[in-house]
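Read through the structure below, which is laid out as structure tokens, and then see the notes.
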Amino acid sequence: MNHEKELNDLREQIRYHNHRYYVLDDPQISDTAYDRLFRRLLELEREHPEWVTPDSPTQRVGDKPLKSFTQVRHRRPMLSLENGFNEKDIRDFDARTKKFLGGDTAPQYVVEPKIDGVAVELVYEGGKLSVASTRGDGDVGEDVTANIKTLLSVPLVLRPLTQDIPIPELMEVRGEVYMETEAFESLNTQRANKGLPGFANPRNAAAGSLRQLDPRITATRPLDMFCYGLGEIRGLNCETHLECMLAIQQMGLRVNRPHIKACQNLMEVVDYCQQLEEKRDQFSFEIDGAVIKVNQLALQSRLGQKSRSPRWAMAYKFKATQETTRIIKIDIQVGRTGALTPVAHLEPIEIAGVTVSRATLFNQEEIEKKDIREGDTVIVQRAGDVIPEVVKPITSMRTGRESPFVMPTQCPACGSQVFRKEGEVVLRCLNPECPAQIKESLKHFVSKGGMDIDGLGDKMVAQLMDKGLVREAADLYDLRFEDLIGLDKIAEKSAQNLLAAIEQSKTTTFSRFIYALGIRHVGEHVAERLSEELKSLESLQHADEDTLKAIDEIGPQIAESVVSYFADKSNQDHILRLLKAGVHFQDLSPVNDTPFQGKSFVITGTLQSMKRSEAKQRIVRKGGKVGSSVTQGTDYLVVGESPGSKLQKARDLGVDILEEEVFLRLLAEE
Ligand code: IVH
């Protein structure tokens, strides 16, 4: 083949596969096949540097840091939205809109998640990305083109809508650049490992990553973009906002399509806003509200704008996840691994529907950096299931009676001296007999992800320990009815139930058992990887660091921790006691008759009953596999609300489709 043609074909193919992977979340080729295409393109471009164009997929990461950002004037100002906070504000917006329109034309609305990121405008001229800029003051923003080009979900070249409709001559697309919550957390972990300060939240991480003068740094940050609107356009005709969104999606831009809902009336609008608020923790990215927009573009023009916000849209802001309260005192919690964590006891405060009275302060360094003192009035935040944290003190509210906090030199639970390992910020109590550590290990052992013993809450564990009935996990299996009946708040029935739950926990899976042991750095996912790869307790106990490190996702830190755990004689004895008590793993002698065993699952849409990560874990625990795209080899597609393109693909391939309810029933079957 002629090289120039091959080069163009390769670029076309790579663009296509980028779009499948990053925009549609539905890859069609393997990573290796993609790499092969990419490498061939690089090779051809090296041979023919004169053919390299700025829109080639190889040109996403520039190699020159900028000196400063240049300014870009937006052709049309980037407005902001008027905020509402409750149902009445939504009703008022609807009434205002209808009044303004004068009753002859009824507005239709669309409601979509308000993504908590950074607003960006992409300008496509002749179908090519020419400039990307931040919002700035609304009129003038900063040129972040080089950085935006590193986002693989942003096409450098638009795809034609259909063969006979040409690409718009000019199109300004607006959207939100953001970082997924999980990606944000792992970025912060990586930074902490390198001794760098973490970002306060995903929005700051996204903003900080976008405002890098060196695009090579931005390229390493997991940024994504959802497009939600248009600025100036020449050469595209749509009648509604939704039509525009579908059109730009077809041109290759990423749109939050499954969560954009067309509503026929006010009730549906209010309903969907509430639904989004209830589901906010289930999104893989942070949303801070819902945006309500008039769908018809003709009505949008009639409504026009006020000074800085359009009359045709409003933001319904969710209840704040940050609130202000006071730190009553700071004390130390000793964790399962001996880590000393300072915890702030707060005057109880309701944050987004949950009462918060404690928040973690992480460590001494963090307390000093934020200058947090006992008695301070502070901003506290909670997000999803994570432990609430103190964001910062409000120093202007100090009275002079606040006192700085210093970490103790002795463990508050057992009095032994505490140590800081070189390179770590955490102080640790190294006494294996420390009662606080033992209590936390027991709580971990019986927890949901571990041996899952119902009825053994924190208070019960504390009582069992205080009465000297339980010293280590294996003691639980020696408990008798007579031991329990004398305890506080334990009647005959609950004693029997607890004993039954303890008995039942003896039948478990290998990965739950590994997790329950409480080995440092071994969370549920790592425990699953170890169980999948090593398959038996014996191989796990005898695995050396090299064997462990060879397992995908297991690094040197985990490997070292696992090896030293099993090298410890008292741990070995404890495991032996557990096995002697009758603890055994179901999954080592495979049960082939569950509907999950060896089957391949893919999940699409939002599940109502659990997070996607939980669904994945439960499938894996039952012996199934979870893939990210529907292929010939997929056995079942689990379908939640607003499923994506995977549903059609599954239908096309004849893959069995499981509604959430059916899926739940299968999960519940033994
Ligand atoms: S529409 C006229 N839709 O929220 C402004 N904005 O103050 C049109 N945002 O600056 C904005 N998600 O950065 C719109 N689905 C969404 C959005 C969204 C997030 C941001 C945007 C804007 C701010 C509003």
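Keep in mind the model is a prediction, meaning the values are calculated, not measured. In what follows, every heavy atom counts, from backbone to side chain, and hydrogens, waters and symmetry copies are set aside.
If you look at Tyr34 and Tyr21, their ring centroids are not closer than 6.0 Å. The aromatic ring centroids of Phe226 and Tyr178 lie less than 6.0 Å from each other.
Note that the CH2 atom of Trp312 and the CG atom of Leu303 stand 10.0 Å from one another [nearest 0.5 Å]. Between the CG atom of Leu297 and the OG1 atom of Thr240 there is a distance of 6.0 Å, given to the nearest 0.5 Å. Interatomic distance, CG of Leu81 versus NZ of Lys114, reported as 6.5 Å (0.5 Å rounding).
The nearest pair of heavy atoms linking Ile90 to Cys273 is CD1-SG, 4.0 Å. Summarising the geometry of Leu653 relative to Thr631, their closest heavy-atom pair is CD1-C, 3.6 Å, with the distance given to 0.1 Å. Scanning both residues, Asn201 and Asn204, for their nearest heavy atoms gives OD1-N, 2.7 Å.
The 12-atom threshold is exceeded at CZ of Arg191, counting heavy atoms of other residues, nucleotides or ligands nearer than 6.0 Å. When the shell of 6.0 Å around CD of Glu43 is examined, it contains more than 12 heavy atoms from other residues, nucleotides or ligands. The 12-atom threshold is exceeded at NZ of Lys98, counting heavy atoms of other residues, nucleotides or ligands nearer than 6.0 Å. Applying the 6.0 Å contact sphere to CD of Gln305 captures more than 12 heavy atoms from other residues, nucleotides or ligands. Residue Lys279 qualifies as enclosed at atom NZ: its count of foreign heavy atoms under 6.0 Å is above 12. Within 6.0 Å of the CD atom in Glu661, the count of heavy atoms belonging to other residues, nucleotides or ligands does not exceed 12. Heavy atoms from other residues, nucleotides or ligands lying under 6.0 Å from NZ of Lys88 number 12 at most. Residue Gln608 places its CD atom among more than 12 non-hydrogen atoms of other residues, nucleotides or ligands, all under 6.0 Å distant.
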Without placing hydrogens or testing angles, list every side-chain donor-acceptor pair under 3.5 Å for residues 72-79, not counting sequence neighbours.
{"residue": "His74", "atom": "ND1", "partner": "Glu121", "partner atom": "OE1", "Å": "3.1"}
{"residue": "His74", "atom": "NE2", "partner": "Thr134", "partner atom": "O", "Å": "3.1"}
{"residue": "His74", "atom": "NE2", "partner": "Arg135", "partner atom": "O", "Å": "3.2"}
{"residue": "Arg75", "atom": "NH1", "partner": "Glu172", "partner atom": "OE2", "Å": "2.9"}

Return all side-chain donor-acceptor pairs below 3.5 angstrom for residues 149-158, not counting sequence neighbours, or 'none' if the list is empty.
{"residue": "Lys149", "atom": "NZ", "partner": "Pro54", "partner atom": "O", "Å": "3.4"}
{"residue": "Thr150", "atom": "OG1", "partner": "Asn147", "partner atom": "O", "Å": "2.6"}
{"residue": "Ser153", "atom": "OG", "partner": "Asp224", "partner atom": "OD1", "Å": "3.1"}

Thr53 and Arg11: CA distance, side-chain angles, deciding distance, side chain to side chain contact (heavy atoms under 4.5 Å, CB included) verdict: CA-CA 11 Å; Thr53 54; Arg11 286 181 183 164; 3.2 Å; yes
Report the C-alpha separation of Asp652 and Gln648 in whole Å, then their side-chain angles, then the decisive distance to 0.1 Å, and conclude whether the side chain to side chain donor-acceptor pair (under 3.5 Å) test is met. CA-CA 6 Å; Asp652 294 346; Gln648 191 51 50; 3.0 Å; yes
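Between the side chain of Gln296 and the backbone N or O of Ala106, at least one donor-acceptor pair lies under 3.5 Å. A donor-acceptor contact shorter than 3.5 Å links the side chain of Arg280 to the backbone of Ile287. Within the 3.5 Å criterion, the main-chain N or O of Ala132 finds a donor-acceptor partner in the side chain of Thr145. In this structure, Gln249 contributes its side chain and Arg257 its backbone to no donor-acceptor pair below 3.5 Å. Between the side chain of Gln28 and the backbone N or O of His17 there is no donor-acceptor pair closer than 3.5 Å. Tyr272 places a side-chain N or O within donor-acceptor distance of the main-chain N or O of His259, the cut-off being under 3.5 Å. With Thr604 contributing its side chain and Gly644 its backbone, the two residues share a donor-acceptor pair below 3.5 Å. One N or O on the side chain of Asn295 and one on the backbone of Leu242 form a donor-acceptor pair closer than 3.5 Å. No donor-acceptor pair closer than 3.5 Å links the side chain of Asp635 to the backbone N or O of Asp656. At least one donor-acceptor pair closer than 3.5 Å links the side chain of Ser30 to the backbone N or O of Ala33.
With 3.5 Å as the limit, one finds no donor-acceptor pair spanning the side chains of Glu12 and Asn8. In this model, no donor atom of one side chain and acceptor atom of the other lie less than 3.5 Å apart for Gln282 and Thr606. In this model, a donor atom of one side chain and an acceptor atom of the other lie less than 3.5 Å apart for Glu180 and Ser284. Side-chain contact, Arg20 with Ser629: no donor N or O sits under 3.5 Å from an acceptor N or O. Counting only N and O atoms by type, the side chains of Glu277 and Tyr316 include a donor and acceptor under 3.5 Å apart.
For the pair Arg254 and Tyr22, the cation-pi test (distance below 6.0 Å, angle within 45°) is failed.
Under the salt bridge (charged side-chain N to carboxylate O under 4.0 Å, His left out) criterion, Arg159 pairs with no residue, sequence neighbours left out.
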